[in-house]
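Note that this is a predicted model, so its numbers are computed, not measured.
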Amino acid sequence: MPGPTEKATEEERRDRIVAFARELAEAEGWPEVSTRRLAERAAVDLGDLYRHFADLEALLAAVAACALVDLAADLAEAHAEAAGSAEGAWPAVASAYLDFAYTNPEVYDAMLAMTPDLALGVDGVPAAPRAVFAELRAALAPLAEGRDPDALAEVGWSLLHGVVMLTRGGRLRPEGQEEREAMIAERLLRWP
């Protein structure tokens, strides 16, 4: 059994592999992420890479889980910065979500399109997706006004995800982007 120093080294190697996979995916796209290229970039041998990740799918899931942790932190920070303003929490969180999605498109795909086991708002999933859902829910709860806050959070997430995917796919008018985002953040989810 490895000692504490060896365990830290193993964790550091795993984290380094995940970080390099994320960087490579963002720079060149997921199709360019291969075990061989990743091992070279992370300065580990293929056996070491496979000791940490059974296959590229497992690595993709690890990248997605780490990115969900980052997104949850961004949402929590945005929510905290809007503290004292229940009305301002959702616009701040929505803006942080959209910023993350547009800044990290390949990682965003890993989180929400390529890893179906990491579903937000579903019991039994890892802590990272639950943390993202909790942040969305917390930002929208003050707007619930008798509506189910979980359902409202699901609708809010759906709107954000939909606008991200349709925008990235070039299916929406570019000149309407700012107005769409303002509608989601400031008007659509408010009780009439």
Side-chain angles (χ1 to χ4, degrees), residues 11 14-39 41-42 46 49-76 78-79 90 93-141 148-172 180-181 184 188-189:
E11 287 176 21
R14 184 183 190 286
D15 292 348
R16 188 170 66 230
I17 293 166
V18 169
F20 278 108
R22 185 174 178 167
E23 288 174 20
L24 184 57
E26 284 300 346
E28 300 179 31
W30 283 109
E32 299 303 316
V33 178
S34 70
T35 53
R36 191 166 308 282
R37 286 190 74 202
L38 193 51
R41 256 217 178 143
L46 278 173
L49 192 141
Y50 282 115
R51 187 169 60 250
H52 293 288
F53 304 100
D55 52 26
L56 281 175
E57 192 172 299
L59 178 60
L60 179 73
V63 169
C66 288
L68 283 161
V69 168
D70 293 345
L71 175 58
D74 288 357
L75 299 182
H79 195 175
W90 174 245
V93 167
S95 179
Y97 184 100
L98 294 169
D99 288 348
F100 184 94
Y102 293 132
T103 303
N104 305 283
E106 294 293 328
V107 169
Y108 185 83
D109 285 348
M111 293 164 41
L112 296 167
M114 302 168 81
T115 51
D117 294 341
L118 299 176
L120 297 180
V122 176
D123 292 336
V125 296
R130 286 194 323 267
V132 170
F133 186 77
E135 290 300 333
L136 295 171
R137 186 186 189 283
L140 281 165
D148 175 15
D150 287 338
L152 189 59
E154 290 167 348
V155 168
W157 172 56
S158 298
L159 289 169
L160 292 171
H161 181 66
V163 79
V164 166
M165 298 309 285
L166 290 169
T167 298
R168 284 183 44 211
R171 289 177 166 76
L172 300 176
R180 282 190 298 276
E181 291 178 7
I184 291 170
L188 283 180
L189 299 176

Report task. Indicate the atoms forming the closest heavy-atom contact of A96 with D74, along with that distance. Result -> CB-O, 4.0 Å
**Report entry** Spacing of NE2 belonging to H161 relative to CG belonging to L112, to within rounding of 0.5 Å
**Finding:** 5.5 Å
**Report entry** Heavy-atom pair of closest approach, residues L68 and P129
**Finding:** CD1-CG, 3.7 Å
Query raised in the report: Can you name the nearest heavy-atom pair linking A65 to A128, along with the distance?
Result: O-CB, 3.6 Å
Report summary line: Correct closest heavy-atom pair for A110 and L60 would be CB-CD1, 3.5 Å
Report task. To the nearest 0.5 angstrom, please state how far the CG atom of L166 sits from the CZ atom of R171. Result -> 7.0 Å
Query - Residue pair Y108 / M165, side-chain heavy-atom distance below 4.5 Å - result: yes
Query raised in the report: How far does CG of L159 sit from CZ of R180, to the nearest 0.5 angstrom?
Result: 12.5 Å
Query - Nearest-0.5 Å distance, NE2 of residue H52 to CG of residue D15 - result: 9.5 Å
Report task. Run the numbers on V18 and F53 for side chain to side chain contact (heavy atoms under 4.5 Å, CB included), then give the verdict. Result -> CA-CA 10 Å; V18 169; F53 304 100; 3.5 Å; yes
Query raised in the report: In Å, rounded to the nearest 0.5 Å, how long is the span from CG of N104 to CG of D70?
Result: 8.0 Å
**Report entry** Candidate pair T167 and L98, rule side chain to side chain contact (heavy atoms under 4.5 Å, CB included), full reasoning
**Finding:** CA-CA 11 Å; T167 298; L98 294 169; over 6 Å; no
Query raised in the report: Quick one: does W90's side chain have a donor or acceptor within less than 3.5 Å of a partner on I184's backbone?
Result: yes
Query raised in the report: Taking all non-hydrogen atoms of both residues, which atom of R14 and which atom of A62 are closest, and how far apart?
Result: NH2-CB, 3.7 Å
Report task. Could you check M114 against V63 for side chain to side chain contact (heavy atoms under 4.5 Å, CB included), going step by step and ending with a plain yes or no? Result -> CA-CA 11 Å; M114 302 168 81; V63 169; over 6 Å; no
Report task. I would like to know whether L75 and F133 meet side chain to side chain contact (heavy atoms under 4.5 Å, CB included); could you show each step before the answer? Result -> CA-CA 10 Å; L75 299 182; F133 186 77; over 6 Å; no
Query - From F20 atom CZ to L59 atom CG, the distance as rounded to the nearest 0.5 Å - result: 12.5 Å
Query raised in the report: Can you find a heavy atom in the side chain of D109 that is under 4.5 Å from one in the side chain of R168?
Result: yes
Query raised in the report: Quick one: side-chain contact (heavy atoms from CB on, under 4.5 Å) partners of R37, sequence neighbours excluded?
Result: L24, E28, E32, S34
Requested in this report: Compare every heavy atom of P149 with every heavy atom of R137, then report the nearest pair and how far apart it is.
Outcome: NH2-CG, 3.2 Å
Query raised in the report: Can you list every salt bridge (Lys or Arg N to Asp or Glu O under 4.0 Å) pair that touches residues 53-68, not counting sequence neighbours?
Result: none
Query raised in the report: Backbone N or O of V107 within a donor-acceptor pair of the E26 side chain at under 3.5 Å?
Result: yes
